[in-house]
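Here the structure is laid out as structure tokens; the discussion comes afterwards.
Residue numbers start from 1 in every chain, and the chains themselves are labelled A, B, ... in the order their sequence lines are given, proteins ahead of strands.
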Amino acid sequence: MREYLVEVIIQNKEMAKDPEGETIERDLIHRGGYDSIRAVRSGKYLRMLVKADGPERAREIVVKMCNELRLFNPVVHSCSVKVRASGRKGGD
Amino acid sequence: MREYLVEVIIQNKEMAKDPEGETIERDLIHRGGYDSIRAVRSGKYLRMLVKADGPERAREIVVKMCNELRLFNPVVHSCSVKVRASGRKGGD
Amino acid sequence: MPEELDYVIGQLGREPNRIELGMLELMYSEHCSYKSSRPILKILPREGPRVLVGPGYDAGIVDIGNGYVVAFKIESHNHPSAIDPYNGAATGIGGIVRDILCTNCRPVALLDSLRFGPPRKGRTKWLLKYVVKGISDYGNRIGVPTVAGEVEFDESFETNCLVNVACVGIGRRDSIVLAKMESPGDYIVLMGSSTGRDGIHGVTFASKTITAESEEERPSVQIGDPFMKKMIIEATLEAVATGFVAGLKDLGGAGLTCALSEMSFKGGTGVEVELERVHLREEDMTPYEIMLSESQERMLFVVKPEGLERVLGVFRKWGLPHSVIGRVTDTGEILVKYRGEVVARLPSKLLAEAPVLHRRAKRPRDLAKALKVPKPREPKDLGRALVRLLSSPNIASKEPIYSQYDYEVGIRTIVKPGDGDAAVLRLLEEPRAIAVKADCNSRHCRLDPFNGHAGAVAESARNVVAVGAEPIAAVDCCNFGNPERPEVFWQFSEGIRGLSYMLEGLGIPCVGGNVSFYNEDERTGRAVNPTTVVVTLGLVEELDWVTTMAFKEHGDEIFAVGRTYAEMGGSEYYHWIHGISGGRPPRASPGRERSSMAIVKEAIRRGLIDAAHDCSKGGIAVALAIMAIKGGLGIDVDLGRIPRSGVGRLDELLFSESYARFVISARPGSARELRAIAERHGGAISRLGRVVDSSELFMRYGGRAIRCGLGELREAWNGSMRRYLGEL
Amino acid sequence: MRIAVLNFPGSNCELDTIYVLRRLLNLDAELVWHEAFDRSGYDAAILPGGFSYGDYLRAGTIAAHSPAMKHVRAMADEGKPVIGICNGFQMLTEAGLLPGALLRNEGLSFVCRWVSLRVESNRSALTWLLPKGAIIRLPIAHAEGRYVNERRAIRELWRNGQVILTYVDELGNPTPDANPNGSMDNIAGICNERGNVVGLMPHPERGAEGVLSPFGSEDGLMLFESLLYFMNGGDRICGAG
Ligand SMILES: Nc1ncnc2c1ncn2[C@@H]1O[C@H](COP(=O)(O)OP(=O)(O)O)[C@@H](O)[C@H]1O
Ligand SMILES: [Mg+2]
């Protein structure tokens, strides 16, 4: 078994708005000079190491965990899971 | 000019503690039975569209913005900026 | 520190090894040893019938009767906050809470005293936003309400902000625990977060000035864990309740080294510890790092052998990591072993008692000049000036800040931030209350450290009196520049003299404090204004006495208590309206303070007073305006009646910041009784006019009149903090 | 009548709640450590305010997965009152016992202040005795109290009388200025269809005594008195059903 670096990103759905993203964007415009940036969205980032039989399997474990433990609330959040780094030899 | 999707991830530095990640790992993930997951770290995620003359330039703009708006504190945080999607034709 | 090294070698009869040297270096740092300040601080009055534990322990403890005690203490977290405002302020709260907790009192209130540069500066906005967020995220999460504080803005704090935090705890007299190890054989248990590399040499960092490299001193940054802290609070109180905890101390600056040496020195014992037992965050830590680590959220318990299992059981219930690291001995030594080998062996006394330094003090040469400034021209429209003054960041309402703090949790807060001069917390078990407030006017202190510091004591005592309390004890937090500079040391020693003078004059003992030096910008050599924040604790024996500052009813009569002088130096009026930062600040007089306070106290106890507010920044005009804004009622007053001496100008009458003054409102027909009270206490009082059912401030003076609409005043006072800072 | 006040690591209003139930209402209320919670013998459960598990990840999420919640869920199914105050409300939505979600305040920061609330329904255990349309005053103190749900679901809540409290101005209007956190429809509290599971962001335990209120009000007490009536299956003394 190897260990994979998996990233989870949880964002608000459209209907739930994103006050933080909006505020950052407003600040940008407010301070001027950054009008080339738009559509700022904020979210929560989680990163973890997952011991698994392959990247696909690592992803599955994390997806299942996110659903089961409700790392996100499906009514208001969207959640994306990515295997970032390919496996290194697992620890203990 | 094209528009690029740029992602920013702000985390506590590797050597610094991350009480949030530790608590999520201990009290949610492990208690929920997912023992193959470890080293959970939490952070903040930002995503934005940037109009620029190329991906490198898009990245530069965002790095400068993060510094100037003090979206992170270099003393405690690490901030990574990645151009995720290659340019689409810019909007207005 | 070559002389210190010679001293150590002389005492030891040998060279210390590297670990011992590291331990000594930390313990001899200014932060831990008070080596510069100790000789001066000893003049502070510290005795009193209520004092159970005075300076020298983690917190001062006073008896409030019926078996209850209050522990309180203030501490600075300036340097960490200047480089990482969020974690710096948060861990400041964490530290002060531990100081209270280790007396076995439940922390019930926090106060924050903050100082920044001019509000329009980007750095100020950044610091303020994250300092407040750090306090909010940490204080709220541990369930201790932040009930009062103050915020001051001045150029001198632009690089070095000041973040002082205080905590108040309530406990039972018969269950106080002290930071002592008295019985050889007791176990030493380290509980809480694992020990990591963070904050190694944090205290030496706190004893240095800020340089460009500070930002690079990464290991000094600590990260607080309020969730862990909340559990530590509950578990500690539960563990002590078993009756088996013989001593308790938090791990703060200088970590394990400090806790072990101070506890054993105080108890006249020694310790033997085995460092491999310490639970670590990183496996490969060296003994040096373990002894010096300043990781947050740790407590050191001294446990009676027969109760060890019971105490550890409590920690297990709360899921708190812990390790039994050693035992108390009778050798008077700190014996540190690592994997069977002795790695350090030092007398506790040598660590705990650094040799003191006698620093030179010299009055700054340019001070005399700063005191003499020509009087500015009186503005034509004094109503405008008042509106502008209300919008000054130093006077404007701090609601955008304190509304981010949970000031209600605990259901004790009966006078909330913004409602009275001090916060009032009731006891849950009986109908009594305590009052607390932190104060300092650092501009007064800069121009005249003696009178300014005396004024800080007086102001915080007045604030406590204004809400109906009797001041019973105080703690102080000194913030100064580099003490190696004679001018700074002069400010410090004059300041402490001033504190002493007023504390003694008012009969208030000082039961604890904290000194933070080196608050200066190394590049420019600019030091912060000498600033000693004073927190006064008051006792309210009857809940009926609790008084707030809003005018309550039209028809009530308005009185000024205390005499006004033309004392304009360092005033907010000079600074904000005229851009003048000099002049002679108000003179402090314990006699006048005593009279004014006695009048207000007695009037409150006789049930005559509806509202009370002390006069501080912005003088009598600002006091009147805020009481009217708060009450939503107008006033009609004759300023000519204000008791005064040598005040020739109307702007001076309105905005002088003379000490020893209050504005009060009383039921109609109370004037005679109030005058009799004033006479008895040898103080001045005079009826200025009435609260009226209107929406304006109407102030007459001879043939002149000043009118200001309440709406305009309210907008200036309420709205401006948000405007300066953008969204907080 | 025994009421369990659950104590999760990081809860911080549990003693305040116990104080009100015991000292002001003379109720048999018990502080129960979450790991030791067994529903048998309890007639109601209160999930108190605070920051369970530090509110890490999101407010209430981690507590919503603790074993104690299984018992809470069972009590809810049995029709026994389950009350979530502030962090407790967050736990109930995270556990799916109440619909919707409580997200970060629109203003992004923690807000502590007294608010005016209108009673929109007296169908819930907490508003049982309160007349519809009454204005009450309680303090709020939270960083994640913005109630969000799908529009359709919110209409449904209104239709069923499940919206129990809204943030209003002095005159009783649900204006944007009166909304401290950006909640949809100014919603401050909701209940399930049976009215036994109730969640609200304001703190009734902090607003139950005149001495604590800037207005001298004791409105919080009425909410707990309602709970008592509801538990006793009691009749309403005022207001229409
Ligand atoms: N940083 C702060 N934290 C909490 N409360 C604060 C803070 N700053 C000011 N306050 C509150 O605002 C009110 C006014 O404080 P202050 O400006 O110091 O008044 P005064 O000068 O009349 O003593 C007090 O209730 C005080 O406790
Ligand atoms: Mg005051």
Side-chain angles (χ1 to χ4, degrees), chain B residues 6-50 58-82, chain C residues 79-88 90-91 94 122-131 133-134 137-138 141 192-200 205 210 213-231 281-282 293-297 318-321 726:
Chain B
V6 183
E7 286 182 326
V8 179
I9 290 162
I10 300 160
Q11 285 172 278
N12 280 0
K13 283 194 170 145
E14 222 51 59
M15 44 98 18
K17 264 179 45 152
D18 175 20
E20 175 160 33
E22 285 165 27
T23 306
I24 293 172
E25 173 171 334
R26 185 183 58 234
D27 291 318
L28 187 63
I29 298 184
H30 287 173
R31 213 187 263 219
Y34 287 86
D35 297 333
S36 54
I37 298 175
R38 66 174 191 97
V40 179
R41 302 281 293 183
S42 76
K44 183 194 241 23
Y45 171 82
L46 294 173
R47 198 200 63 185
M48 59 206 76
L49 295 175
V50 185
R59 190 172 174 280
E60 272 167 37
I61 292 172
V62 174
V63 168
K64 180 150 172 281
M65 186 271 296
C66 286
N67 282 316
E68 229 161 78
L69 288 188
R70 297 191 196 246
L71 288 181
F72 74 109
N73 181 354
V75 178
V76 260
H77 299 131
S78 68
C79 175
S80 82
V81 177
K82 277 180 200 145
Chain C
H79 292 87
S81 303
I83 58 161
D84 180 0
Y86 179 80
N87 288 296
T91 54
R123 179 172 165 82
T124 298
K125 292 182 191 201
W126 174 68
L127 288 171
L128 177 54
K129 173 176 173 177
Y130 286 103
V131 162
K133 194 163 166 36
D137 274 358
Y138 199 103
R141 276 177 161 80
S193 272
S194 52
T195 298
R197 288 204 171 87
D198 41 350
I200 289 174
F205 173 65
I210 291 201
E213 297 91 76
S214 294
E215 307 234 334
E216 294 303 313
E217 296 191 44
R218 304 273 154 84
S220 300
V221 172
Q222 301 160 357
I223 292 183
D225 183 351
F227 172 50
M228 174 79 92
K229 172 59 56 62
K230 168 69 176 156
M231 297 204 289
R281 199 161 74 242
E282 292 149 278
S293 161
E294 293 182 6
S295 289
Q296 290 290 306
E297 327 302 1
W318 288 91
L320 287 167

Exercise. At their closest point, which heavy atom of B:V76 faces which heavy atom of C:D84, and how far apart are they?
Worked result: CG1-OD2, 3.1 Å
Using residues 21-31 of chain B as the side-chain source, report each donor-acceptor pair under 3.5 Å to any protein atom, sequence neighbours left out, with the distance given to one decimal.
from	atom 1	to	atom 2	distance (Å)
B:T23	OG1	B:P19	O	2.8
B:E25	OE1	B:A39	N	3.0
B:E25	OE1	B:V40	N	2.9
B:H30	NE2	B:I37	O	2.8

Seminar exercise, completed: Those residues at least two apart in sequence (or on a different chain) that pass side chain to side chain contact (heavy atoms under 4.5 Å, CB included) with C:Q296 are C:T91, C:R98, C:Q222
For this session: Looking only at non-hydrogen atoms, find the nearest pair between B:K17 and C:I223 and report the distance.
Result: O-CD1, 3.4 Å
Exercise. Contact part of C:Y86 toward chain B, heavy-atom cut-off under 4.5 Å: side chain, backbone, both or neither?
Worked result: neither
